Protein chains: 2
Amino acid sequence: MYQVAERAGVSIATVSRALRDDPKVAPSTRQRVLTAAEELSGHDEEAARRRPGVSPRRRPTVYQVAERAGVSIATVSRALRDDPRVTASTRQRVLTAAEELNWWPSRAAQALAGEAHGAVAIVFPDLTGPYYAGVIAGFESEVVHRGSAVMVLATHGRSASEQLVRDLSTRIDGVVIMDQTIPDSTVEDVAADVSVIMLARPALPGVAAVHSENTNTAIALTRHLFGHGLRKLRFLGDLDLTPDVRQRWAGFVAAHVAEDLPAPTEPVPCGGFELENGYRAALELLENEDVDALVCANDELASGVYLAAAELGINVPTDLAVTGWDDIDIAGHLAPRLTTVRQPVRELGAAAARLLFERIASREVTDELIATEVVIRESCGCQPDSSA
Amino acid sequence: MYQVAERAGVSIATVSRALRDDPKVAPSTRQRVLTAAEELSGHDEEAARRRPGVSPRRRPTVYQVAERAGVSIATVSRALRDDPRVTASTRQRVLTAAEELNWWPSRAAQALAGEAHGAVAIVFPDLTGPYYAGVIAGFESEVVHRGSAVMVLATHGRSASEQLVRDLSTRIDGVVIMDQTIPDSTVEDVAADVSVIMLARPALPGVAAVHSENTNTAIALTRHLFGHGLRKLRFLGDLDLTPDVRQRWAGFVAAHVAEDLPAPTEPVPCGGFELENGYRAALELLENEDVDALVCANDELASGVYLAAAELGINVPTDLAVTGWDDIDIAGHLAPRLTTVRQPVRELGAAAARLLFERIASREVTDELIATEVVIRESCGCQPDSSA
DNA sequence: TTGAAAGCGCTAACAT
DNA sequence: ATGTTAGCGCTTTCAA
């Protein structure tokens, strides 16, 4: 039957119907089936396969494997998933046949048939700088370790991303959504179909979140600067880009309040998180204003500040203290070495992945907070020896 | 009919067969269909939907949209792809219904039905350092721009990756394979099913490649060092990790030959491409050997050399010239500023994506070579003013 | 322990 | 211009 089906280019179900004169089978189809059946009595399988007009080499399917192993497709399917009902010898025949045909199951078909997609995605704003690369590396690593495939989507602030995310959701089991990439309403839609975890973004009803500690660490960092006697502090970074930065700013403000100091001036805008942004923003600021310390939203911005300061003949840290955030690789190699906050970026991605799989297994999940720590080096004014 | 099918929990095909007494329909199924049909004469749609036992809210399908719009599923499918045969008013009804039900097509189902997957993948060794992040960013950007989804797979040297790649290939239209991630034999298997492009890896029959210029640029760079009167040059980097590095080494050697100098000593091994690797390798080398210049396989290794030199009291560039490769962001900000080779990493990824889509459209594709250029700064011994 | 066949949500050939 | 239905390659009842 399988051979006839293959030869006629129809499913075995159709062959079956055609042979019984089922009215649902179109006459032309029935004819093809009958012809194929007839022809097969005179030709062997190989001849049929080499027959001109038959598409050259297409992916084999369960049907071919079943035929070769002399079993039904159901058995092939069972053998593949180590179903205990299949005898060892049968399983072996199936596996051998699969091997010989170089066959492996189609994920698209498995997904349609109700199995999981075996894929998850992560949505982030951009792939610039070591931060996102680190998060994605941690995510990818944890996901692949669990046997799933990884899809990535950078939104770049495009609003078309909403539709892309919906589309994504039809081919994955779950997705991690970072920062301000797509609106909550879309997240809710998607969460109705697949598991969702927020990363560095507030949780929603039914959508848990992974965060790293920002506010308290920012308070500690700011206090440390106060301890150096510094009072004219400015925060450098854009609040509208990520919730993380808003929390760092909140901690910065809270530290002022706790110290009974006047509220700090608004953050210095820089239009992005890259070195260039910090360089330009600092250049303009330092030329016009007397500042004791710059608390930067991340390490790249701080590196930019270093350049601007050097250009203006301002010494770091004696004239100006500078702090970063993230503790990227070069932070400890800059001159002076950068005082910053260590954030386990890979772990952020990995934690999000773990929570996502928990959620996919429909287990309870609760928000997770990743600890961060202030790393004192010399850019804050500390001496090399005191804290190396 | 659609309502009956929904109520009975079967496909419309089955309803049709059941009503015609098709023997292929199990008696129990037929009974369910008949019951559903009967019940429906007494209840309206809403009542049926609220009926207990019916699963709460599942993704809507074409069937629901078709029913709501009062058309067949074929029309829904056509309307969605702007088929000119569908009248404007009908299309509008369909789109409205889809909107109201918050429906969008399942990619898994579309793929199974023969459409493209609308997804492509990139396979790379690791997500460490700015190089791979840049390539992937360029790739992602170009792919999303063309409306496809992006899958990523880091192989980390795992051999299990072969199976992962095969699995990947059942849900994508094409894939870019970088470096020494998976064996050629697997690439060939995969290429039989989907389009493949090599990136920074030799082409195969039927598999085109994207490369960046290495050998010639390495020759130019090495010659520049010879021009400074330097003769005891060493190459720092592992040849077994990527074809790119082998080509850089080849250029390094060729430059010696062209200058009638003795062939250079074997490359200094460092076990990786990160700052730490360069630091450790240089520390050991410089303590034991007199070297004029270190030509590093990338900028991170060069940064590591800077650290080792500083620790040993060796001045760069007066005691030791150092060059990198890639021209990552910080290269121009190190002290002394790093002489290196500029490589448009994002463009590498983007070019691979473009070639891949050409291939998917089954157009002819030929290998592509991306130009690189030597960037002279001060770490080679040049004066700041002469080339800033 | 195995097989037959229904169904997953679509597309497209075929029939009006 | 629209509807019917086979089929994509699987999984999973249901029967035997």
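Bear in mind the structure is a predicted one, so any value in this text is a computation, not a measurement. Each chain gets a letter, A, B and so on, in the order its sequence line appears, and its residues count up from 1.
The salt bridge (Lys or Arg N to Asp or Glu O under 4.0 Å) check on A:Glu162 picks up nothing, with sequence neighbours excluded. B:Arg93 is linked by a salt bridge (Lys or Arg N to Asp or Glu O under 4.0 Å) to nothing, counting only residues two or more places apart in sequence or in another chain. Scanning for side chain to side chain contact (heavy atoms under 4.5 Å, CB included) contacts around A:Glu188 gives A:Leu204, with sequence neighbours left out. Looking at residues two or more places apart in sequence or on another chain, you find no salt bridge (Lys or Arg N to Asp or Glu O under 4.0 Å) involving A:Glu99.
If you take CD1 of A:Ile73 and P of D:dC10, they are 9 Å apart, rounded to a whole angstrom. The separation between B:Arg171 atom CZ and C:dC10 atom C1' is 19 Å, rounded to whole Å.
If you check the side chains of A:Thr96 and A:Gln92, you find a donor sitting under 3.5 Å from an acceptor.
Contact between the side-chain N/O atoms of A:Ser72 and the OP1/OP2 oxygens of C:dG3 is found at a separation under 4.0 Å. The phosphate of C:dG9 (OP1 or OP2) has no side-chain N or O of B:Thr61 nearer than 4.0 angstrom. OP1 or OP2 of D:dC10 sits under 4.0 Å from a side-chain N or O of A:Trp103. At least one side-chain nitrogen or oxygen of A:Thr75 sits closer than 4.0 Å to the OP1 or OP2 atom of C:dG3.
Residue A:Ala113 places its side chain closer to D:dG9 than to any other of C:dC10, D:dG3, D:dG9.
Of the residues in residues 84-94 of chain A, those lying under 4.0 Å from DNA chain C by heavy-atom distance are A:Arg85, A:Val86, A:Thr87, A:Thr90.
Residues in residues 100-112 of chain B take part in these salt bridge (Lys or Arg N to Asp or Glu O under 4.0 Å) pairs, two or more places apart or across chains: A:Asp167-B:Arg107, B:Arg68-B:Glu100.
Among the atoms of the strands shown, only primed sugar atoms or phosphate atoms (P, OP1, OP2) are found under 4.0 Å from some heavy atom of A:Ser106.
Position along DNA chain C of the nearest nucleotide to A:Ala109 versus A:Arg78 favours A:Arg78 as the more 5'-ward residue.
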